[in-house]
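To start, the structure under review is shown below, and the notes come after it.
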Amino acid sequence: MIKLKNWSKFKVEKLSYSNALKRAFLMLKQEKKFPEDAEYLMEELTGFNYTQLQLHRNEDVPGKIMRQFHDGVVRLGMDEPVQYILGNAYFMGRSFTVNQDVLIPRQETEEMVQKIIDDHTGKKENIWDIGTGSGVIAISLGLAFPEDDILGTDISKEALKIAELNADNYQADNVFLKQSDLFEKVIPEPFDVIVSNPPYISHQEKSVMDPSVIKYEPDLALYGDEFGLKFYQDISQNADKYLTENGILYMEFGYHQKSALEEIFAKNMPGYKVEFYKDMSGNYRYLKAEKGKI
Ligand code: GLN
């Protein structure tokens, strides 16, 4: 809870950039939040980068920006992620619209998408992103490979609205979006690549998660039944029918799920070579299951 006593020192008033940031830092620190989010907020609101912000540090923050900044810092104090406050988040160097109907894209996912890009045959491919959310995976691949056809599906119609907005914004007209609960409404046409970053947090993990995630990110995008493994079971049981002869399935997963997934994939995708990859923090984070390689 916000202690009003602390916040009364942070008002909408005439302040220099430097003082506005100092006050915001102080408030957020006292609330045990992340002060650096305030700087990011200011950079995004002003369009200044870090250096420009330093150069303007003694100038007054314009009234409109000060109001937005104040409002944003109060929301940070209530655990709202800065990306939802701003309405956008970055993925592979591009800005995407986000709201509370979609997961905020994560850096770990960028690493998986980079691997897919590196592995690409260079020929025209048919790619399917299951659980596309804001569409970041589908759109990044669509823009990297304009000749490819990319299908992005999601159970959530609200999420698809955001994905649609993002696809339009980047004129990614090779990205097709469709509402479907996993395989439900997709006919088995052969895909060269299927990718998914499914909900993989187990309900039991809720107690150790960051409050900003629990309070603001959509449950539908976060939690999976069966200790977070449900979607790996479903997808590994059905993907084969949807993959070409040399088709590849990529899936992101939770940092402690590798051994459970080794078992699931050995059982459900026996003809596949399954490799596990680490993220930059050194945790196993995504897998690649390749058809016909064993
Ligand atoms: N595919 C989207 C992403 O990786 C959404 C994932 C999800 O909601 N689980 O950000």
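Note that this is a predicted model, so its numbers are computed, not measured. Numbers here are sequence positions counted from 1. Counting convention: from 1, in listed order, for ligands and their atoms alike.
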* Angle class for the His56/Tyr17 ring planes (parallel below 30°, perpendicular above 60°, tilted otherwise)? -> perpendicular
* Asked: What residues form a side chain to side chain contact (heavy atoms under 4.5 Å, CB included) with Arg67, not counting sequence neighbours?
  -> Val12, Lys64
* Structure fact -> Test salt bridge (Lys or Arg N to Asp or Glu O under 4.0 Å), reference Lys124, set Asp149, Asp148, Asp192, output is Asp149
* **Arg23 side chain near Glu13 side chain, heavy-atom distance below 4.5 Å** => yes
* Structure fact -> Scanning both residues in full, the closest heavy-atom pair of Phe231 with Pro199 reads CD1-O, 3.4 Å
I'd like a table of the close N/O pairs between ligand 1 and the protein (anything under 3.5 Å), one pair per line with both atom names and the distance.
residue	atom	partner	partner atom	Å
ligand 1	1 (N)	Gly131	O	3.0
ligand 1	1 (N)	Thr132	O	3.3
ligand 1	4 (O)	Asn197	ND2	2.8
ligand 1	9 (N)	Asn197	O	2.9
ligand 1	9 (N)	Ala221	O	3.1

* To do: Decide whether a cation-pi geometry holds between Lys258 and Phe276; the criteria are a distance under 6.0 Å from NZ or CZ to the six-membered ring centre and an angle within 45° of the ring axis.
  => yes
